[in-house]
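Input: a single structure, listed below in structure tokens.
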Amino acid sequence: MKARWALIFFATGLGAGWLIFGGGLRASAQFAGNNSAASVVRKREARPVKSPHEAKFRSFAKELPSLSEEEMEAFKKSLAPGDRPAAVDALLAQAGPYGLPGEVTNMISEILKTWAGEDFDGAWDWCRRIESDANRNFIASELLDQLVDKDPDRALALHLEMVAEGTGFDSRILFELLRQVTTKDAASFLNFLGKLPSDYNDQEMPVEFAADFNFQQAADGIVALRKNQKAPIQILPNNLLSSWATRDADAAYAWFSKNGNLPRENFGNLLEGIEKQGNPGASYSWAADKINEPGCRWETMIHALADIRSDENTSVINGIAQAMPDTANRDRFLGDVVMMNHLANPVAHYGYALTQMSSPTARLETFQRLGKANKLFDAENIPDTQLQQWGITRQQVEQAQALGR
């Protein structure tokens, strides 16, 4: 089969191999020469006359996954500009944009990359005429990937144009645009956020921030935008607080104390930023001081620490507790960690916090609090060795649990 395709496409040479398709070039030349960008297309225009070589492209598409790299590269080089629409159509026709083998998707991307580089407006105009929403959205997303670095403002405008059609369009360029604006300044960042549509699901990603980025301006702006229902925040960095804390932890904490969490960011991100300053464990004593300050956001801070389930979180909780010289404060903190989480069996997940407490009495008080709050746990499943380590009996646990109810 490969030999047959080599005979059809390449035997007469890469340049001359497509001369037999001259009629196809004339039939679709109207698209190669179109240099105007399309505005919002509310009604799909009639598709162009089909290329006379469409059947050959469909056959090629079926054989593509089994072709060698050399054969695929030869096809890309010999594909005439006027035959790009028919070739892409044939490739998409195999299974739609989201059911294609990787080789087919890559071939489409390569064709569109070349086309967008030579004539973006022509490629975009052709894309906007595609009748299938799924195919049109897929092609538009691929084309915008090629535009975003060259003309980010236009890429965003075209992205929003596609979203406005209500066909579920999305593209990867929002992430790239977010990366671009945070390397500029807070004003550019907020201007970008304010342009986003209101019907996206929240997404987040880590980004790099400019050396002089104004984190307070950005954080204040996020809060203001979120209060405006006409401009909810839909895509955000998930490392603004941690990056701010890396540079100025006290300033970041002062903002947090006044405003609380950012979307997808909380007190734990401040500790993360402090750790990045290069002094491992420094965040523990810092957090211990902040958690015991009068009027602090105690519950918000404890919830942030207690809802992280990982080995790292165990060391963070233990590290903060050990940095608290006052026994009463330490027991209160550890007890709240066990209490303030959304897990069905907090004892199983936070046994290490109970172990860190100063006395059996403090542990039994926590069990009583769990019973009062209807936090479920099965005393029968606590191992005897664990109870012995804690200095309490199973009967005492059950009694404390019952007293709390």
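Fair warning: this is a prediction, and the values are worked out from it, not measured in the lab. No hydrogens, no waters, no symmetry mates; every other heavy atom, side chains included, goes into these values.
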Salt bridge (charged side-chain N to carboxylate O under 4.0 Å, His left out) assessment of Glu165 paired with Arg136: CA-CA 11 Å; Glu165 290 193 348; Arg136 185 172 64 259; 3.6 Å; yes

Output yes when a side-chain donor or acceptor of [X] lies under 3.5 Å from a complementary backbone atom of [Y], and no otherwise.
| X | Y | answer |
| --- | --- | --- |
| Asp83 | Leu79 | no |
| Gln146 | Ala116 | no |
| Arg247 | Ala211 | yes |
| Glu275 | Gly281 | yes |
| Glu71 | Leu64 | no |
| Asp331 | Ser358 | yes |
| Ser78 | Phe75 | yes |
| Thr366 | Ala362 | yes |
| Arg179 | Val207 | no |
| Arg394 | Ala379 | yes |

Is there a side-chain contact between [X] and [Y] in this structure, where contact means two heavy atoms from C-beta onward sitting under 4.5 Å apart?
| X | Y | answer |
| --- | --- | --- |
| Leu354 | Leu334 | no |
| Trp124 | Leu147 | no |
| Arg264 | Asn269 | no |

Minimum-distance pair of heavy atoms, taken over all atoms of [X] and [Y]:
| X | Y | value |
| --- | --- | --- |
| Leu178 | Leu236 | CD2-C, 3.9 Å |
| Leu387 | Val397 | CD2-CG2, 3.9 Å |
| Ala353 | Val338 | CB-CG2, 3.9 Å |
| Gly82 | Pro85 | O-CD, 3.6 Å |
| Leu144 | Ser171 | CD1-OG, 4.4 Å |

State whether [X] and [Y] are salt-bridged, where the test is any N-O pair (Lys NZ or Arg NE/NH1/NH2 against Asp/Glu carboxylate O) under 4.0 Å.
| X | Y | value |
| --- | --- | --- |
| Arg129 | Asp125 | yes |
| Lys113 | Glu110 | no |
| Asp250 | Lys290 | yes |

Do the ring planes of Tyr253 and Phe267 sit parallel (below 30°), tilted (30 to 60°) or perpendicular (above 60°)? perpendicular

Where does the angle between the aromatic ring planes of Phe189 and Phe213 fall among parallel (under 30°), tilted (30 to 60°) and perpendicular (over 60°)?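 Geometry flag for Phe213 against Phe189: perpendicular rings.
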
Among Asn261, Ile291, Asp336, which one satisfies side chain to side chain contact (heavy atoms under 4.5 Å, CB included) with Met301?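 Testing each of Asn261, Ile291, Asp336 against Met301, the sole residue satisfying side chain to side chain contact (heavy atoms under 4.5 Å, CB included) is Ile291.
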
Go through the steps for Glu176 and Arg172 under the test salt bridge (charged side-chain N to carboxylate O under 4.0 Å, His left out), then give the verdict. CA-CA 7 Å; Glu176 179 56 34; Arg172 297 174 292 271; over 6 Å; no

How about Phe169 and His159: are their ring centres within less than 6.0 Å of each other? yes

Go through it in stages, so that I can follow the logic: the residues are Arg154 and Asp121, the test is salt bridge (charged side-chain N to carboxylate O under 4.0 Å, His left out), and I'd like the CA-CA distance, side-chain angles, deciding distance and then a yes or no. CA-CA 12 Å; Arg154 187 183 180 203; Asp121 289 340; 2.8 Å; yes

Under the side-chain contact (heavy atoms from CB on, under 4.5 Å) criterion, do Asp248 and Phe215 qualify, and how do the steps go? CA-CA 10 Å; Asp248 190 342; Phe215 289 96; over 6 Å; no

